[in-house]
Amino acid sequence: MAATAAASPSSLLLSRRHGASLSSSSASRAGASRLRAPRCVLGTTEQLRVVEAWKRTGGADPWAAAWTPKTPAQEARLAALPQEARDSRLKIFSGTANRPLAQEIASYLGVDLGKILIKRFADGEIYVQLQESVRGCDVFLVQPTCSPVNENLMELFIMIDACRRASARSITVVIPYFGYARADRKAQGREAITAKLAANLLTEAGSDRVIVCDMHSAQALGYFDIPVDHIYGQPVILDYLASKTISKDLVVVSPDVGGVVRARAFAKKLSDAPLAIVDKRRQGHNLSEVMHLIGDVKGKVAIMVDDMIDTAGTITSGAALLKQEGAEAVYACCTHAVLRLSGGIFEEVIVTNSILLPEDKCFPQLTVLSMANLVAETIWHVHRDGSVSSIFQ
């Protein structure tokens, strides 16, 4: 899947709310899925400025004075730097869950993806061996704990242990999708709080820091006894929406009451678009029933926002209700595409590549946006002891 040009700033979307309809041609939607690059990289001019700064300082750190993280462009930041100016203490390794995303992250940062051997014995045991030195290095392990969740989680534990025993200076686990995040409380008696257990295991395995994207609920961040950087996929999706023209008034829809805070934050970035809420009652795990709609969607373009699409029961039922209430078109946006969904009622389903989607889960209405640049920016800020929150300001 080829990457297209970065989307316009999300502010462009605001002035077009009364222009032509949110649409994309059927020809451009053909095929299984599309990958688009989000914002937030240094451009050619800034790269040359950095190189000149490096030459003037005789090889001193050029980033201290020359790098501005908010400058948008498309080229990889370190690609223009001479090899000797790059930070050899930054190491990025990937598990088997989403190697393409890890490769994009490494390419963005201008470093090679670390060499690692991961294999499974006949009885299912996992074997991990680092094939390059990490002594004294800041190691970042990229591994979403998606399906098969237990396999990928165990693989991550073993990778952490291998890095710890190889004398890495620090170990940061980068988890674009955090499995077990939904088991964050006791809804009924005698239930396990698996989010807390997974957090404890990551700490005990030897990780020093965690980077996660769009956790199901913010309260789960408190389960970690080590620093956690929580990043959001919103900027990636907003930039993509900014590249589309909007005719009808927008309304941002939360598919359930629990997602109101997320949807409200999303709506504020769309020129304070109005908010609607789908009221539902859950009948059991992965089962939901839509009751009624709070808010007005008649004649509007509805954008449903959620952290993940799993069985799609909630979001599909909600979309059907929106159509019944007179919505012109319904778009579904989420960060994590666990995805048991077909295009159907949606004009477009917009997701990120936090989870590697197999071809059999793709369909013509699906658009996959790359979050590699956003994750890479976070890694760079952590490595250089910078502010992660500044990325989102």
Side-chain angles (χ1 to χ4, degrees), residues 3 6 35-51 53-54 59-95 97-116 130-134 136-144 159 163 168-176 208-213 229 231 233 235-236 352-354 369-388 390-392:
L35 185 67
R36 304 185 185 261
R39 62 183 177 184
C40 216
V41 215
L42 269 184
T44 304
T45 303
E46 277 66 39
Q47 288 181 357
L48 294 175
R49 181 163 60 90
V50 168
V51 173
W54 178 79
D61 183 5
W63 300 110
W67 177 53
T68 305
K70 295 179 182 177
T71 305
Q74 291 182 339
E75 298 81 9
R77 177 187 299 118
L78 300 186
L81 281 178
Q83 186 70 37
E84 59 270 26
R86 303 181 185 180
D87 194 339
S88 60
R89 292 188 296 107
L90 173 62
K91 299 284 187 179
I92 299 175
F93 293 90
S94 174
N98 197 342
R99 190 174 178 85
L101 175 59
Q103 185 63 66
E104 284 186 66
I105 293 168
S107 297
Y108 179 99
L109 291 170
V111 301
D112 294 326
L113 197 59
K115 297 176 182 177
I116 185 171
L130 303 180
Q131 299 193 307
E132 60 184 84
S133 175
V134 297
C137 295
D138 292 330
V139 176
F140 294 82
L141 304 176
V142 182
Q143 176 84 329
M159 291 168 64
C163 293
R169 188 179 75 164
S170 68
I171 303 169
T172 301
V173 292
V174 182
I175 310 177
D208 299 300
R209 178 182 292 270
V210 177
I211 298 174
V212 294
C213 182
D229 291 302
I231 63 177
V236 179
T352 72
N353 61 345
S354 64
L369 308 176
S370 175
M371 67 185 312
N373 295 5
L374 190 64
V375 177
E377 286 286 344
T378 305
I379 289 174
W380 183 255
H381 280 65
V382 170
H383 175 60
R384 307 298 288 180
D385 295 327
S387 168
V388 172
S390 66
I391 300 172
F392 302 93

Contact between [X] and [Y] at the side-chain level, heavy atoms closer than 4.5 Å - yes or no?
X      : Y      : value
Pro144 : Pro176 : yes
Val111 : Ile92  : yes
Tyr108 : Val375 : no

#### Entry: Cys213 to Gly233 - nearest heavy-atom pair and separation
SG-N, 3.9 Å

### Atom of Arg209, atom of Asp229 and distance for their closest heavy-atom approach
NH1-OD2, 2.9 Å

#### Entry: Non-neighbouring partners of Ala168 that pass side chain to side chain contact (heavy atoms under 4.5 Å, CB included), sequence neighbours left out
Val134, Val139, Cys163, Ile171

Calculate, to the nearest 0.5 Å, the distance between atoms [atom1] and [atom2] belonging to [X] and [Y] respectively.
X      : Y      : atom1 : atom2 : value
His381 : Ser387 : NE2   : OG    : 6.5 Å
Leu369 : Leu374 : CG    : CG    : 11.5 Å
Asp112 : Gln103 : CG    : CD    : 8.0 Å
Leu113 : Glu104 : CG    : CD    : 11.5 Å

### Task
Go through the steps to decide whether Ile379 and Ile105 satisfy the test side chain to side chain contact (heavy atoms under 4.5 Å, CB included), and finish with yes or no.
CA-CA 9 Å; Ile379 289 174; Ile105 293 168; 3.7 Å; yes

### Task
Evaluate side chain to side chain contact (heavy atoms under 4.5 Å, CB included) for Val142 paired with Phe93, printing each intermediate quantity in order.
CA-CA 6 Å; Val142 182; Phe93 293 90; over 6 Å; no

### Query
Can you check side chain to side chain contact (heavy atoms under 4.5 Å, CB included) on Thr172 and Leu141, steps first, answer last?
CA-CA 6 Å; Thr172 301; Leu141 304 176; over 6 Å; no

#### Entry: Under 3.5 Å: donor-acceptor pair, side chain of Asn98, backbone of Asn353
yes

### Query
Taking Glu132 for the side chain and Lys115 for the main chain, is one N or O donor matched with an acceptor at less than 3.5 Å?
yes

### Query
What residues form a side-chain hydrogen bond (donor to acceptor under 3.5 Å, both in side chains) with Thr352, not counting sequence neighbours?
none

### Message
Can you list everything that forms a side-chain hydrogen bond (donor to acceptor under 3.5 Å, both in side chains) with Asp138? Sequence neighbours excluded, please.
### Response
Arg169, Ser170, His383

#### Entry: Test item: side-chain donor near acceptor, Gln143 and Ser94, under 3.5 Å
no

### Task
Could you check Val212 against Ile231 for side chain to side chain contact (heavy atoms under 4.5 Å, CB included), going step by step and ending with a plain yes or no?
CA-CA 6 Å; Val212 294; Ile231 63 177; over 6 Å; no

